[in-house]
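I'd like to ask some things about the structure below.
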Number of protein chains: 2
Amino acid sequence: MTTINDIAKLANVSRTTVSRVLNNNGYVSDEVRKRIMKIVEETGYIPSLSAKSLRTKKSGVIGVILPKISTETASRVVSGINEVVASENFQILLTDTELNKEKEIEYIRLLQSRHVDGIILLATNINDRLISTIEDAALPFISLGQDLPGVTSIVYDDYHASVDMTNMLIGQGHDKIAFIGVGEEDPSVGVERKKGYFDSLEKHQLLINDSWIQLGDFSIESGYECMKKIVKRNEDNLPTAVFVVTDRMAIGAMEYLREQGIRIPQDMAVAGIGASTLSQYVTPALTTIDYFNKEAGKKAAQLLLQQLKQKKEKEKFIQTYRLIKRDSV
Amino acid sequence: MTTINDIAKLANVSRTTVSRVLNNNGYVSDEVRKRIMKIVEETGYIPSLSAKSLRTKKSGVIGVILPKISTETASRVVSGINEVVASENFQILLTDTELNKEKEIEYIRLLQSRHVDGIILLATNINDRLISTIEDAALPFISLGQDLPGVTSIVYDDYHASVDMTNMLIGQGHDKIAFIGVGEEDPSVGVERKKGYFDSLEKHQLLINDSWIQLGDFSIESGYECMKKIVKRNEDNLPTAVFVVTDRMAIGAMEYLREQGIRIPQDMAVAGIGASTLSQYVTPALTTIDYFNKEAGKKAAQLLLQQLKQKKEKEKFIQTYRLIKRDSV
DNA sequence: AAATGATATGTAATCGATTACACACAGTTG
DNA sequence: CAACTGTGTGTAATCGATTACATATCATTT
């Protein structure tokens, strides 16, 4: 490996001068600049960013912590983040917690030790150790998906999205609306979306029937199973619509309905959340809510870059959403 | 930031001893070890991996270069890679070329300057500068998707997959089979898959009709447009099947057919490649080929980790595939 | 009792960059 | 012409770790 010292020797200058040329920093005569650049190119010299990072305390790397790497949401968000940070010559160091809370904390510390300049966390839960780890890290930090105390956060407006969707179903004349959700460990998907559903029903003074409510685990299969349970338990009096808190589970639910010959939307309307590609191309096309994940990723990256330039107070941003009405309703 | 020196002072030892404790390296008395560990925990000391990396020439980071970050294929492959490397405590540094050849080269050099321990490239093309940049980098390197000379490569068996699919269609009694492909810049998708199609037709002495062949750009929309052109140009004599080289384009094609009231598969059979989630849940479910992308990612990571341990000769691996027959045929 | 080897710790060089500071030389200014 | 300012370059400390080598102690072996 050629180092800055080698270049300096070859060009008969001190390494200070080479560094000045490379960083466009301070005075260097044209003649020397050219000489050095020529040698740099000939040798194919590549500066060591570890050394640079050690000295400057900056790495040009942004840490991203994902709950699960291979989901469409994650992929869209990362794509948005990358678009923004790459344009400022940062790279992304990717970690995947596999939905494990311990790993979330572990990775924050790891990223810190790697001297990342900032961290974006796609958060799925809130707990004290997490908060204090983030505080201790004392790094520019953005939380996406959950509002973490003391941390600049971008959140999806799960509550209102859910209310809107339920209202819309009610507006279509449905008064028996089933619900497929997830567990309450996830404040956004598990709590807020369910709350929106309940509140809307209540406001319209509609019946809430426990046998219409099932919880899944985000997978397509669990959507299928939940739908099956709902249908089995209400064979004599089926609900006329089902609101599913994620598209994937909604797809599973649709599959079961199709198998059973229950027509969508005539016999049962189906609505999801997430605006996955899938939702657009299933038949019938799924009514859903678009959270603009890629935009959220971009926003997160922009906020982070701002924080890199100057420390800011915690802020909270609410990502807009859009209800996409399609044939499943 | 606490450093190893701070710990050393607090523990009344030299930093050498601290380093020994932290790396479980050489002799340290139990008493001192405990004392140091206690202080490490109290202070929340986190070693600087930049410094470590500078000294040891190892970073614990694997560079991954993707052609496009937000595709299902990429996401599956990355997920496979991550699963393997994370288990050995490596992280992934992610870069996205946006299908730009220059960036491919730029990123290899960048990753090199970041002292990544190895690189996995999801390759989409082959060119001399790329090869020589890889050579110069002198890093453990794996190419996934294209067989690069001198580089251990994992390739999908595009040719035979394509032959198999075409044979299958022919076996179903189709003799007018249209084709939607991509440009030849992409040796795997653009060249090999097309070659498989042609060879199969030829072998069965079937007509090859230029107006049945269209090239798209990987997008769903382009699949739609290609299908449209094929139908328009052959209104009096429609082909009875269409083989599309990617699932996304196949989905686009299906959409156009549906709009036109052309029934799938009765009027036209459709086949894709990729086994996207989408392919499983569209109606009718799309016949496609599964390349086991996640497995390929794992394999790539395993090969890379092996190379980290000992340098190896170039090898070439052919990833298996599986034809999934569904309702669209 | 001397030699040997295992255990325990420290000294100091090193990795490859950046940067504060010093110095030299020009041209300009009052 | 003395003082100042703008250019151009070098010296050496520094970032935070690892590691070859040296040294010291103690128990064991011959």
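No experiment lies behind these values; they were computed from the predicted model shown. To find a chain, count down the sequence lines: A is the first, B the second, and so on, and within it residues start at 1.
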Per-nucleotide protein contact string for nucleotides 6-14 of chain C (B base, S sugar-phosphate only, - none; heavy atom under 4.0 Å): SBBBBBBBB
Salt bridge (charged side-chain N to carboxylate O under 4.0 Å, His left out) partners for E184(B), two or more places apart: K194(B)
Min side-chain heavy-atom separation I81(B)-I92(B) under 4.5 Å: yes
Between P of dG16(D) and NZ of K52(B), the distance in whole Å: 16 Å
Separation of atom CZ in R114(A) from atom P in dA17(D), rounded to whole Å: 14 Å
Residues R35(A) and E31(A) bridged, charged N to O under 4.0 Å: yes
Salt bridge (charged side-chain N to carboxylate O under 4.0 Å, His left out) against K38(A), all qualifying residues, sequence neighbours excluded: E42(A)
For E41(A), all residues meeting salt bridge (charged side-chain N to carboxylate O under 4.0 Å, His left out), sequence neighbours excluded: none
Counterpart residues, side chain to side chain donor-acceptor pair (under 3.5 Å), relative to R20(A) (two or more places apart): none
Atom-to-atom span, CG of N25(B) to C1' of dT18(D) - whole angstrom: 9 Å
B/S/- contact track for nucleotides 23-28 of chain C, protein heavy atom under 4.0 Å: ------
Salt bridge (Lys or Arg N to Asp or Glu O under 4.0 Å) contacts touching residues 125-149 of chain B (sequence neighbours left out): E102(B)-R129(B), D147(B)-K314(B), D147(B)-K316(B)
Qualifying residues under ring-ring contact (aromatic ring centres under 6.0 Å, His included), relative to Y291(B), sequence neighbours excluded: Y156(B)
Whole-Å distance separating the NZ atom of K58(B) from the P atom of dA17(D): 19 Å
Sequence neighbours excluded - salt bridge (Lys or Arg N to Asp or Glu O under 4.0 Å) pairs with any residue from residues 60-74 of chain B: E72(B)-R76(B)
Side-chain N,O (S19(A)) to OP1/OP2 (dA17(C)) below 4.0 Å: no
Interatomic distance where CD1 belongs to I46(A) and P belongs to dG16(C) [whole Å]: 14 Å
Partners meeting side-chain contact (heavy atoms from CB on, under 4.5 Å) with E315(A) (sequence neighbours left out): T152(A), K312(A), F317(A)
Protein-nucleotide distance (I7(B), atom CD1; dA17(D), atom C1'), rounded to Å: 13 Å
Spacing between M1(A) atom CE and dG16(C) atom P, to the nearest angstrom: 7 Å
Gap between atoms CD1 and P, on I4(B) and dT19(D) respectively (whole Å): 11 Å
Sugar-phosphate, base or nothing in reach of T56(B), heavy atoms under 4.0 Å: sugar-phosphate
Expected list for residues 48-55 of chain B: side-chain donor-acceptor pairs under 3.5 angstrom, two or more places apart:
| residue | atom | partner | partner atom | Å |
| --- | --- | --- | --- | --- |
| S48(B) | OG | S50(B) | N | 3.4 |
| S48(B) | OG | A51(B) | N | 3.1 |
| S50(B) | OG | S53(A) | OG | 3.1 |
| S50(B) | OG | H115(A) | ND1 | 2.9 |
| K52(B) | NZ | N23(B) | OD1 | 3.2 |
| S53(B) | OG | S50(A) | OG | 3.1 |

Short side-chain N/O contact from N23(B) to OP1 or OP2 of dT18(D), under 4.0 Å: yes
Net bend of the helix from dA1(C)-dT30(D) to dG30(C)-dC1(D), end axes of five pairs each, nearest 10 degrees: 50°
